[in-house]
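This report refers to the structure that appears directly beneath it.
Protein chains get the first letters and strands the later ones, always in sequence-line order, with residue 1 at the start of each.
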Amino acid sequence: MNYINNAAIIKRQVMVRLAKLILDDTIQDNIDLIPVLMTPKNSESVRCCIHHDRAVVRSRVKVLLGFAAASESQSDEVKLLKDYAADAVQKGEDKFDESILTVIDDACSACIRSKYQVTNACRGCVARPCIMNCPKKAIRFEGGHAIIDENLCVSCGICEKVCPYHAIVYQPIPCEEACPVNAISKDEFGKEKIDPQKCVYCGKCMLACPFGAIMERSEMFDVLRDIKDPGKTTVAMVAPSIAGQFNTDFGKVVSALKKMGFDKVVEVAYGADITAQKETEEFVERLEHKESFMTSSCCPAYVQVVKKHIPSIQSYVSTTLSPMIYTGEWVSNQWPGATRVFIGPCVAKRFEARESTYVDNVMTYEELGSIFIAAGVDVVECDEQEPDKSASSVGRGFAVSGGVANAVIASAASCGVKAVSKPVNGINNKTVSLLRVLDKTIKEPAFVEVMTCEGGCLNGPGVTSSPVIAKKFLEKMLK
Amino acid sequence: MSKKFKVSICSGTTCYVLGGAQMMVLEDCLPADIKDEVEVVGSSCLQKCHEPNAKPPFVLINDYLMESASMTKVIDYIREHR
Ligand code: FES
């Protein structure tokens, strides 16, 4: 579940401060003060001391400027944030590479390597089944207590099962537990590292880390720079899951976006309408060619799951483009040369956008909200305004799980093609295993909608509202 | 009959984004012992976020203004003052 927590709030506070400096044009003078202002002298520190807290904030700012958190050289360690900001201007888009999620080493508390721990309920018994049964000889006795050597332990869990006192407990490593594809693991120093070959950009590790040590490399700096440039037309392409993100109707968000500086506001649900139509045509054609099933392709993290982990089902994935891309294409024709910014709840869209020529930047609702605050725009107080391009309720329905499947199956039925819906609602270890054998288990014509986030985009990693609230607003928009 | 506590949750953008969003479900999360005494309403910007060093999210409980508010803080306050 995407619940709000202190780590997320701190990140947003940093975002607000940075956005303010960019908007006020005082970044060169004040950016290096952010860590100090966030943790002033004599304030209570979260970590060992305020200097550690400040080091973490410094890294957060660096990531918000778009850089990876890790230092590449010794001189990076002492480099001022204002020099990073200058670099960010100079390098622009070039600073982005394949890594989208980045681990802040200073923030990673290096959770213990072994996932099992002996508690003080250990009685130091004579039987000592933990020692007797450990296949790796990782347990020894010291001071009358069992101790697990975390370098030898392989977390098999046998000791936990055999302890007569239930004195051994399972203690997960949250980010590793959350990752559906085993892309994150410890390096030799015990800090977490993300394997770019395996990462599908779902953002689940980022939400899971209780220290807020994993962040996505932000593009807000680049977006704000374009917004401030009077010579540039900037277009906000807003995903349908925007519903209720600010506890208001969409019309108010449209005027808030314009107040903040976007020249045009377009609903990505418009592109979803196109996706729905083309995907149906593709589906019908595939079934006519006796293919048994097809999966959706609008969720970019799922597309990466297949590409990197389950190539055997690649041919079943729809080749229809995503709503973001169709929308970007429309915008590019309508306003040539404009900066096209996708605004949504998604980390993986950043990767999809980088691969496409129709989208320039991606921002999350969380970043958007922080910029609203920095710009002094209160969405609640704005008047309702129509977007420059709106959409039907079919496209808007893409924001929740079931939306894509319902659209495709209903319109396929109207062409006389019958199929069942076999949705995969949320990517996790279990559903990844299911997907692996999909081509062997599906027997009747089926459309498989896959959403990486359980419940759909409304429950994405970059949302500001609880899905319960967002859903209420979305239902209003679907009427 | 009016209830003993009126809780106004600020849902101006500043408060909402910086932690207020999660309190929107406060009404459904009130523990049984205080449920009947509390009325929860949403409020537009309470105008506190503009002050220097403001600590959003803000919640108004009758006349008491709570800063850095959270669900547990609100519930604790009500239990203490009932
Ligand atoms: S938004 Fe809550 S006080 Fe202004």
Item checked: pair B:L18-A:I373: side-chain heavy atoms closer than 4.5 Å -> yes
Note to self: With a 4.5 Å cut-off on side-chain heavy atoms, are A:S465 and B:Y16 touching?
What the structure shows: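 Of all side-chain heavy-atom pairs linking A:S465 with B:Y16, at least one is under 4.5 Å.
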Might you confirm whether atom [atom1] of [X] has over 12 heavy atoms from other residues, nucleotides or ligands at distances under 6.0 Å?
| X | atom1 | value |
| --- | --- | --- |
| B:N53 | CG | no |
| A:K252 | NZ | yes |
| A:E386 | CD | no |
| A:K11 | NZ | yes |
| A:K228 | NZ | yes |
| A:K472 | NZ | no |

Check: Backbone N or O of A:V379 within a donor-acceptor pair of the B:T13 side chain at under 3.5 Å?
Finding: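 Such a contact is found between B:T13 side chain and A:V379 backbone.
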Nearest non-hydrogen partners of [X] and [Y], listed with the distance:
| X | Y | value |
| --- | --- | --- |
| A:R12 | B:V17 | NH1-O, 2.7 Å |
| B:A21 | A:T464 | CB-O, 3.2 Å |
| B:C45 | A:E381 | N-OE2, 4.2 Å |

Margin query: Using 0.5 Å steps for rounding, measure from the CG atom of A:N247 to the SG atom of B:C15.
Written below: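 A:N247 atom CG to B:C15 atom SG measures 12.0 Å (nearest 0.5 Å).
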Note to self: Can you tell me how far apart CD (B:Q22) and CD1 (A:I469) are? Round to the nearest 0.5 Å.
What the structure shows: 10.5 Å
Notebook entry, point to check: Do A:S466 and B:M24 pass the side chain to side chain contact (heavy atoms under 4.5 Å, CB included) test, and can you show the C-alpha distance, the side-chain angles, and the key distance before you say yes or no?
Noted result: CA-CA 9 Å; A:S466 101; B:M24 292 296 141; over 6 Å; no
